[in-house]
Amino acid sequence: MTKTFTLDGKVIPFEEGETIMEAAAAAGVYIPHLCHHPEFKPHGSCKLCTVNIGGRLGAACTNRAAEGMKVESETEALNADRRALTQMLFVEGNHICPSCEKSGNCQLQAVAYHLGMLTPHFTHFYPARDVDASHPDVLLERNRCILCELCVRASRDVDGKNVFGIGGRGIKARLIVNSASGRLADTDMSVTDRAAEVCPTGAIIRKRHGFTVPIGQRLYDHHDIAEVPVAGMERPKK
Amino acid sequence: MPAQDVCDLPGIVARWHRDPANLVQILREVQESCGTIPSDTLDQLAKLLDVPRVRIESTASFYAFFHAESHGAYEILFSDNIIDRMAGKEALKQYFCERLWLEPRKLSEDGLVYVDDTADIGLADQAPAMLVNGYAIPSLDKARLDLVAELIRARKPLAEWPPMLFEVPDNLCKPGPLTGEAFVPGAALKAALARGAEATLAEIDASNLRGRGGAGFKTATKWASCRKAEGEAHYVVCNADEGEPGTFKDRVLLASHADLVFEGMTVCARVIGARLGLLYLRGEYRNLLEKLKSVLARRREAGLLGQNILGEQGFDFDIEIHLGAGAYICGEESALIESLEGKPGKPRNRPPFPDRCGYRNQPTVVNNVETFACAAKIAERGGAWFAALGTPQSAGSKLISISGDCKRPGAYEYPFGVTVRQILIDCGAEDAHAVQVSGPSGTCISFREFDRRIAFEDLATAGAFMVFSRERDMFEVARNFTHFFAHESCGFCTPCRVGTSLLRNIMDKLAAGKGSAYDMNEMKHIMHVLRGTAHCGLGHTAANPVVQTMEKFPDAYEKRLKRLDFEPAFDLDGALQTARLITGRDDEWAHLADD
């Protein structure tokens, strides 16, 4: 007999060892997230997928499903926290949605729409962050980095290259690359790397592709992120 | 010691077995011998250790004590706990900088000396205090700073400085079973060996010992689970990363009762079947390193460490010391393990907990210094003796680190259950107005609550007890703590990375007289998000000082509010400053009217 737990009252089957996020995704239920990606080891840093697990809050991407567990996700209180977390990500960096080439394909923007975020709410930090345009094919735009470490994981675990890492700590944490010069051009990054694809924001951009699909015709211009959790991953659900 | 230009990288790497897991130790030794960790060193280390440079850089840039730019031959870091501030740290720092013609955070013109602040260094009973090239100097006053300035001007190597500068008295004001009784090295181990591992664990269980790091998890449960867990190796880790501002009781235990601590670790090794123990000593306690190493050497000679301990065939166990490098978060046990493995100290996702999957992903017991000291006493004198002390849910004694507005700051050992009022009488704090129990992440109590008790049933504590008199501004206390948390957040999760900085900024806005009731609500909102969604205890508790002082000392906040509804942080007139500089105008008409 398959094991099950309930998510917002709905019965969700799961395999032993699966996380709440994995089981929910398999059952077609969307839990907002940014640092999670089905292809990579769970990370648990963005905290957008925080759910109520039997009265205790925890990340759906790192907590394993258990028989009979009662999980709440789509509550106004949890969505308010998620909105606040998304706002924190916006004020921490320098985001320019209207003129960003990732607009419409950006998960950060799409999650903000999904959660009904209307303003950044908090005071902007306006950090001074380096843009690295040294690489012939890939642009590194740290102003839009949300430190989800998907590029770190993709480069290390899929590409076997370790191009990316996180340096510093606290609010000064920043995306660093594997070269003495600190420049992306001096790493072995290639545009065909998985790491060039996984960024959920406009921080890692393939050059000369920005507007091949015009803004207005892009994925999240027509679908809520709940229908397509990861840009390019799968067909939109009905 | 004055920085050297060359540093024996291959030698250092070899000393640490060419093991990338020892990266923090390797970087620490590089920093100690070269004065800095320059960029090309990262490349060389990457080659020597055969790991990507980016991994070395992640670790090197995470810890506060590592830096790529030269801090000169003498790096002076003033401890910046609120207690240091109350003891006149700011004025003394300024005095010192003026004597040496320095600006803080700027290397002196001659490249000789650098002055900055650092978080609490575990000397709150001897505040203000500072670190010179990592070595602590307590009880600063003008005379001592004059002497330091003179030694620096004469370019005397640190090794030739008068040893009295670095003397750190225990200030043990009230001894108890851990600190007041003589302990014969080996006594606890002999009793444990005679009893057997299983029976020793039963004694720990019967003692009702709970972890002294603050969380209060039952020690026997942790040991039993680790003992049962399967793995290639088992490890004992002693958490001596006593970073909670205001706490220094582990320093006292390590300085004067190290045998008790090491013996507790060895008893644990016997119970769980470990062959290696690690003492994670905070970098701020660098002064203690040689002394602790000599205690370990003496114990090896006495057959209390090494192969076939006390003649018991197959009982092999030894202890290594790892030094931290300035990161409060490493006090969190899984962050501590990450640091022991040479990585940035970021808390892991749990479960699994360390008792099953800890150091090098093997079953590991992580306990506080004081917990191991208690375990040794229990092994020696039995569980019943220990359980008879204290209260039903809090057996035994508790070491309290007392500092702030009292006549006799220092270490006090009480049976659990003692009232705050009793402690205040004993330490000479008649006009106490508030006490911060267990540091910034703990509980702020007002004079109305002085009959509360130190015990897991009421006021749980890792050991800090900071006393504030009527004259102190509790807003400034909370503001100091928000700066501390923002500085010490590891940056891993969104709420803590951003939330702690937002809190700090709002507290600074209030301090600048630009606050409103809106900002107060905003801080409560951030606290709510932090409590619910942060990755670890640092984030969960980071807003506690603000929220508790807001509740208990509302006046301290209200007098700072400019308006009751909303006031922007943005200073419109200040924004014109650049324009004034460019135009060379600073007349009345170049300024906006102040409302």
Side-chain angles (χ1 to χ4, degrees), chain A residues 34-35 41-50 52 56-59 61-64 77-78 80-93 121-123 125 146-149 152 155-156 161-174 176-182 187, chain B residues 39-40 42-43 46 51-64 326-327 329 344-351 485-502 504-506 509 519 522 525-526 528-535 538-540 568-570:
Chain A
L34 284 168
C35 73
K41 204 179 149 209
H43 198 240
S45 67
C46 78
K47 300 297 176 193
L48 247 71
C49 72
T50 301
N52 189 324
R56 173 182 67 81
L57 297 184
C61 69
T62 56
N63 278 275
R64 292 200 172 156
L78 283 169
D81 287 351
R82 289 171 184 150
R83 204 152 43 235
L85 292 170
T86 311
Q87 287 165 326
M88 285 182 179
L89 288 171
F90 269 92
V91 301
E92 177 193 28
H121 181 85
F122 300 111
T123 309
F125 287 87
I146 56 167
L147 302 161
C148 68
E149 297 193 34
V152 179
S155 184
R156 184 189 59 211
K161 287 189 179 177
N162 287 291
V163 169
F164 298 101
I166 302 295
R169 79 172 186 217
I171 198 74
K172 291 180 182 158
R174 63 196 181 273
I176 55 173
V177 299
N178 193 32
S179 66
S181 65
T187 68
Chain B
S39 179
D40 58 344
L42 301 185
D43 288 312
V51 293
R53 178 200 153 93
V54 76
R55 264 182 63 190
I56 313 257
E57 191 178 349
S58 285
T59 298
S61 60
F62 182 84
Y63 296 89
I329 187 59
K346 297 181 187 177
R348 293 177 175 177
N349 284 305
R350 299 178 305 168
F485 284 126
H487 184 261
E488 297 299 335
S489 166
C490 81
F492 174 78
C493 74
T494 311
C496 181
R497 185 177 69 240
V498 186
T500 54
S501 287
L502 286 169
R504 177 200 58 199
N505 292 354
I506 297 174
K509 183 184 172 190
D519 296 298
E522 196 64 359
H525 173 214
I526 294 165
H528 167 82
V529 177
L530 275 169
R531 280 218 185 129
T533 64
H535 186 62
L538 191 155
H540 294 152
F570 185 68

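Chain identifiers are assigned alphabetically (A, B, ...) following the order of the sequence lines, protein sequences preceding nucleic acid strands; residue numbering begins at 1 within each chain.
- Remark: the backbone N or O of A/Asn178 is not paired with any side-chain donor or acceptor of B/Arg53 at under 3.5 angstrom.
- A side-chain donor-acceptor contact under 3.5 Å links B/Ser61 to the backbone of A/Gly168.
- Environment of CZ in A/Arg83: crowded, with over 12 heavy atoms of neighbouring residues, nucleotides or ligands closer than 6.0 Å.
- Rounded to the nearest 0.5 Å, atoms CG (B/Leu502) and CZ (A/Phe125) are 4.0 Å apart.
- Per-residue counts of heavy-atom pairs under 4.5 Å with chain A were compared for B/Gly491, B/Cys490, B/Gly345, B/Gly499; the largest is that of B/Cys490.
- Counting heavy atoms of neighbouring residues, nucleotides and ligands inside a 6.0 Å radius, atom CZ of A/Arg64 does not exceed 12 of them.
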Worked verdict on B/Lys509 versus A/Thr123 for side chain to side chain contact (heavy atoms under 4.5 Å, CB included): CA-CA 11 Å; B/Lys509 183 184 172 190; A/Thr123 309; over 6 Å; no
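- Interface remark: A/Thr62 contributes side-chain atoms only to the contact with chain B (heavy atom separation under 4.5 Å).
- Looking at B/Ala46, neither its backbone nor its side chain comes within 4.5 Å of chain A, counting heavy atoms on both sides.
- Closest non-hydrogen pair, A/Asn162 versus B/Val54, comes out as O-CG1, 3.5 Å.
- Contact annotation for A/Ile146: only backbone heavy atoms (N, CA, C, O) come within less than 4.5 Å of a heavy atom of chain B.
- Within the 4.5 angstrom heavy-atom criterion, no atom of B/Pro344 approaches chain A.
- Residue with the most contacts toward chain B among A/Ala173, A/Gly44, A/Pro42: A/Gly44 (heavy-atom pairs, distance under 4.5 Å).
- In this structure, the portion of A/Val177 lying under 4.5 Å from any heavy atom of chain B is its backbone and not its side chain.
- Atom CG of B/Asn505 is separated from atom CZ of A/Phe122 by 12.0 Å, given to the nearest 0.5 angstrom.
- The most heavy-atom pairs under 4.5 Å with chain B, out of A/Gly165, A/Ser179, A/Gly182, A/Gly170, come from A/Gly170.
- A distance of 9.0 Å separates OG in A/Ser45 from NZ in B/Lys346, rounded to the nearest 0.5 Å.
- A heavy-atom distance below 4.5 Å is not found between the side chains of A/Arg82 and B/Val529.
- Put simply, OG1 on A/Thr50 and NE2 on B/His535 are 11.5 Å apart, with the number rounded to the nearest 0.5 Å.
- Within the 4.5 angstrom heavy-atom criterion, only side-chain atoms of A/Ala84, from C-beta onward, approach chain B.
- In this structure the side chain of B/Phe492 never reaches within 4.5 angstrom of the side chain of A/Ile166, judged on heavy atoms.
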Candidate pair B/Asn349 and A/His43, rule side chain to side chain donor-acceptor pair (under 3.5 Å), full reasoning: CA-CA 8 Å; B/Asn349 284 305; A/His43 198 240; over 6 Å; no
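- Side chain of B/Thr533 to backbone of A/Lys47: no donor-acceptor contact under 3.5 angstrom is found.
- For chain B, the nearby part of A/Arg174 is the side chain; its heavy atoms alone come within less than 4.5 Å.
- Without hydrogens or angle criteria, A/Arg169 side chain to B/His487 main chain gives a donor-acceptor distance under 3.5 Å.
- Contact annotation for B/Ile329: neither backbone nor side-chain heavy atoms come within less than 4.5 Å of a heavy atom of chain A.
- Contacts of B/Ala60 with chain A are absent, with no heavy-atom separation under 4.5 Å from either backbone or side chain.
- Put simply, the side chain of B/Thr494 gets close to the backbone of A/Cys46: a donor and an acceptor are under 3.5 Å apart.
- Pairing each heavy atom of B/Ser501 with each of A/Ile171, the nearest pair is OG-CB, 3.3 Å.
- The side-chain heavy atoms of B/His528 and A/Asp81, taken from C-beta on, include a pair separated by under 4.5 Å.
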Side chain to side chain contact (heavy atoms under 4.5 Å, CB included) between A/His121 and B/Glu522, intermediate numbers included: CA-CA 10 Å; A/His121 181 85; B/Glu522 196 64 359; 2.6 Å; yes
